[in-house]
Novice: 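Can you keep this structure in mind? I'll have questions shortly.
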2 protein chains.
Amino acid sequence: MTVTIYDVAREANVSMATVSRVVNGNQNVKPATRKKVLKVIEELGYRPNAVARGLASKKTTTVGVIIPDISNSMYAELARGIEDIATMYRYNIILSNSDQNENKELQLLETMLGKQVDGIVFMSDVISSELLYEMKRSPTPIVLAGSIDDSNAIASVNIDYYGAAYEAMKKLIDNGHTRIAFVSGLFSSKVNKDKLKAYRQALEDASIEVDEQLVIECDNSYDEAIEAVNTLAPHKPTAYFVSNDEMSIGVIHGVEANGQKIPEDVEIISYENSKLARMARPMLTSVALPLYDIGAVSMRLLTKYMNGEEIEENQVILPYRIEERASTKNA
Amino acid sequence: MTVTIYDVAREANVSMATVSRVVNGNQNVKPATRKKVLKVIEELGYRPNAVARGLASKKTTTVGVIIPDISNSMYAELARGIEDIATMYRYNIILSNSDQNENKELQLLETMLGKQVDGIVFMSDVISSELLYEMKRSPTPIVLAGSIDDSNAIASVNIDYYGAAYEAMKKLIDNGHTRIAFVSGLFSSKVNKDKLKAYRQALEDASIEVDEQLVIECDNSYDEAIEAVNTLAPHKPTAYFVSNDEMSIGVIHGVEANGQKIPEDVEIISYENSKLARMARPMLTSVALPLYDIGAVSMRLLTKYMNGEEIEENQVILPYRIEERASTKNA
DNA sequence: TTGAAAGCGCTAACAG
DNA sequence: CTGTTAGCGCTTTCAA
């Protein structure tokens, strides 16, 4: 039925070994032989079976990607970075959504290892100790993309979330605000914890008392951000530091619904800088997260591990910047 | 090094066949034996090798997904639908971006077939005849998700793009508009061609002359949509039919920048109904595309083909609806 | 430069 | 209920 390497060998009057050599670009084949084999391959429509190849060579040229939710634009952007570099290095990607559910993450890890992936890129806001344990004993290299493991046991690619948040807060403080609200995503996420820490520290460093009522935890959605604004209203914030662009748009709408002007009455700094930031009115000043790059660099790092290269530093920190737009008063 | 089925068999004093049976949940194993084997599996940390299994069984339990761009929210939504159903049926997904580049699509198809995927979900605005030819001779089932092949040779899941566009236009016409602009994505896309056809037909059916100057083709981006509004301004449209939510937001901003009010001076109907539609101000009336469902149903259909089930109808059409919001004047 | 042969780890008859 | 035995299609020594 399907044509195998054996069929090609017979048809071309050579051994399977020789066919294998030409298929794999091995130079030890006489040009004439190569040509003959290639011709037969063409005629028979031979297509190498990657599964058999994987079994024999113990390499599948596919990597696993465990991601919270591909329909979330942040992760989609990360995934694109991963995939582009994977393609560049001739790897395919097995992509699975975990919904940040630990059991699912554990099970996905298991499935992927079973499928003999050559490496894994893992994303999650929280890395449980059990997960960490499994990752450490993984026979296959793993890198965390935009995800933090405090023990630094697993390679990872991130930005300085704390530093970025601190700088954003600093800007708001420098603009004279003392009532700055923080509309955050879930604090179960290490990244949000870092932002909170920066929020507090920046305030303290400026001798501004931290008012816990100005801190609100939401589920990252537009709707909850609007609600957050209403909850915060009695506490009269004059500036908002917001965890992502979607929520920032919610904040804008909430604030405007209450009759306040941005940035005249209220300033906002977001944290993501997706294309939404430019589609908002006013356009959002935002910490620019290099999501695509985090994905790309993670995958690149993974290729090094897969090649058995020695890595100098397994924790890579990418640069961020703050994109100033109309939601803040700028110099 | 790694523990194989053979190690387990030896340790448990049974044959590999028996181990294979318990691993695969075959009922023909005495409970005591099963228990013994399970225990050894546990002790040894045995993990079945899916590659070997795939080679022996000729099934990989993985399906290929060829998608234009996962970082585009429309496709990400589709992908999520696909993945969820795949997971439900225990399939994994190999995901690749094609950027709608025909050569890449062709090559991806080849790669996935080489990897022995059990099925493929394919997405693309344009299905070239060469692609169609390759798909037809694919040894593995393929279904098109949200993509059209006029010949109906390949199974597909879509909505009635034409009908949806016609209905949207009808609504605008019923609201009294005679100068309706169409801000479209690329006409190389079959879906956009259908919308254009509906645009014209709806106008004709209402005895309104079609003014080609009111039709603008853009690249689906926010920025080009704003530009489109400016290009259209001299032709004084009083309503806009727009190809997707992102562009609709561009239209809103373009229109407002010109001092017009929505929906008082200008009405807008979008075509997508992503969460952006609710995040826009005014909120967008929009044709609701069931992207997630298209993905899910495609995958479900694929499972049927992979199981060799007989399919009554290979062209499935899902329902759409129009979500009325503030960008149009409603009854 | 080429071929022979031994696996890779598992499934799937088939036999008992 | 369990074991034996062929492969699945390819890579990879090892010889020649």
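Lettering follows sequence order; numbering is per chain, from 1. Remember, it's a predicted structure, so these values are computed and weren't measured experimentally.
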Novice: From CG of B/Asn49 over to C1' of C/dG7, roughly how many Å is that when rounded to an integer?
Specialist: 14 Å
Novice: Provide, to the nearest angstrom, the distance between the NZ atom belonging to B/Lys59 and the P atom belonging to D/dC8.
Specialist: 16 Å
Novice: With respect to the phosphate group of C/dT2, does any side-chain polar atom (N or O) of A/Asn28 fall under 4.0 Å of OP1 or OP2?
Specialist: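 No.
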Novice: Does A/Ser20 put a side-chain nitrogen or oxygen below 4.0 Å from OP1 or OP2 of D/dT11?
Specialist: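 Checking D/dT11 against A/Ser20, a side-chain N or O does come within under 4.0 Å of OP1 or OP2.
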Novice: Quick one: which of C/dT11, C/dG7, C/dT1 gets closest to the side chain of A/Ala56?
Specialist: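 Within the option list, the nearest is C/dG7.
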Novice: Tell me: CD of B/Gln27 to P of D/dC1, nearest whole Å?
Specialist: 9 Å
Novice: So which protein N/O to nucleotides 13-16 of chain D N/O distances come out below 3.5 Å?
Specialist:
none

Novice: I need the CG-P distance between B/Leu44 and C/dG9, as an integer number of Å.
Specialist: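 The answer, rounded to whole Å, is 14 Å.
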Novice: Does D/dG7 have its OP1 or OP2 closer than 4.0 Å to a side-chain nitrogen or oxygen of B/Lys58?
Specialist: no
Novice: Nearest whole Å is fine: how far is D/dG9 C1' from A/Arg10 CZ?
Specialist: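 Going from CZ in A/Arg10 over to C1' in D/dG9 covers 14 Å.
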Novice: May I ask you to test the B/Arg300-B/Tyr89 pair for a side-chain heavy-atom distance under 4.5 Å?
Specialist: yes
Novice: Are OP1 or OP2 of D/dG3 and a side-chain N or O of B/Thr18 less than 4.0 angstrom apart?
Specialist: yes
Novice: Round to a whole Å and report the spacing from CG of A/Asn24 to P of D/dC10.
Specialist: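 It is 10 Å, rounded to the nearest whole Å.
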Novice: Return the value, rounded to whole Å, for the distance between atom NZ of A/Lys35 and atom C1' of C/dT1.
Specialist: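 In whole Å, C/dT1 C1' and A/Lys35 NZ are 18 Å from each other.
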Novice: With respect to the phosphate group of D/dT4, does any side-chain polar atom (N or O) of B/Tyr6 fall under 4.0 Å of OP1 or OP2?
Specialist: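 It does not, given that no N or O in the side chain of B/Tyr6 lies less than 4.0 Å from OP1 or OP2 of D/dT4.
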Novice: Would you say the side chain of B/Val63 lies within less than 4.5 Å of the side chain of B/Ile120, judging by non-hydrogen atoms?
Specialist: no
Novice: If you count the non-hydrogen atoms of other residues, nucleotides and ligands that lie under 6.0 Å from CD in B/Glu42, is the total more than 12?
Specialist: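 No - once you tally the heavy atoms of other residues, nucleotides and ligands closer than 6.0 Å, there are 12 at most.
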Novice: So A/Phe122 and A/Glu105, side-chain contact (heavy atoms from CB on, under 4.5 Å) or not? Walk me through it.
Specialist: CA-CA 9 Å; A/Phe122 190 95; A/Glu105 290 172 333; 3.8 Å; yes
Novice: Side chain of B/Ala52: nearest nucleotide among D/dT11, D/dT4, C/dG9?
Specialist: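 So the nucleotide nearest the side chain must be C/dG9.
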Novice: I want to verify a distance call: between C/dG9, D/dT2, C/dG3, whose nearest atom is closest to the B/Thr2 side chain?
Specialist: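 Minimum distance to the B/Thr2 side chain belongs to C/dG9.
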Novice: I want to check something: taking the side chain as every heavy atom from C-beta on, are B/Glu11 and B/Val8 in contact at a cut-off of under 4.5 Å?
Specialist: no
Novice: Drop me the distance from B/Ile70's CD1 to A/Ile93's CD1, to the nearest 0.5 angstrom.
Specialist: 10.5 Å
Novice: Looking at B/Ser57, I'd like to know whether one of its side-chain N or O atoms comes within less than 4.0 Å of OP1 or OP2 on C/dT11.
Specialist: no
Novice: How far does the helix from C/dT1-D/dA16 to C/dG16-D/dC1 bend, going by the axes of its first and last five pairs, to the nearest 10°?
Specialist: 30°
Novice: Let me know, please, whether B/Leu55 or B/Pro31 comes out on the 5' side of the other along DNA chain D by nearest nucleotide.
Specialist: B/Pro31
Novice: Strictly below 4.0 Å: does B/Arg53 bring a side-chain N or O up to OP1 or OP2 of C/dG9?
Specialist: no
Novice: State, with a plain yes or no, whether a side-chain heavy atom of B/Ser96 is found less than 4.5 Å away from one of A/Asn92.
Specialist: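 Yes; the side chains approach each other to less than 4.5 Å.
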Novice: At under 4.0 Å between heavy atoms, what does B/Val14 touch on the DNA or RNA strands: base, sugar-phosphate, or nothing?
Specialist: sugar-phosphate
Novice: May I have the distance from A/Asn26 (atom CG) to C/dT2 (atom P), rounded to whole angstrom?
Specialist: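 Those two atoms, CG and P, are 10 Å apart.
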Novice: Which of these nucleotides, C/dG9, D/dT4, C/dC10, is closest to any side-chain atom of B/Ser15?
Specialist: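 Nucleotide nearest to B/Ser15's side chain: D/dT4.
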Novice: Between B/Gln315 (side chain only) and B/Ile154 (backbone N and O only), is there a donor and an acceptor less than 3.5 Å apart?
Specialist: yes
Novice: Are OP1 or OP2 of C/dT2 and a side-chain N or O of A/Thr33 less than 4.0 angstrom apart?
Specialist: yes
Novice: Is there a side-chain contact between A/Thr4 and the phosphate of D/dC8, meaning an N or O under 4.0 Å from OP1 or OP2?
Specialist: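 Checking A/Thr4 against D/dC8: no side-chain N or O falls below 4.0 Å of OP1 or OP2.
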Novice: So, do B/Glu83 and A/Asp69 sit near enough that their side-chain heavy atoms are less than 4.5 Å apart?
Specialist: no
Novice: Kindly indicate whether the side chain of A/Val143, heavy atoms from C-beta on, has any atom under 4.5 Å from the side chain of A/Asn314.
Specialist: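 No; the side chains remain at least 4.5 Å from each other.
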Novice: State the CD1-CG distance between B/Ile148 and B/Asp125, to the nearest 0.5 angstrom.
Specialist: 9.0 Å
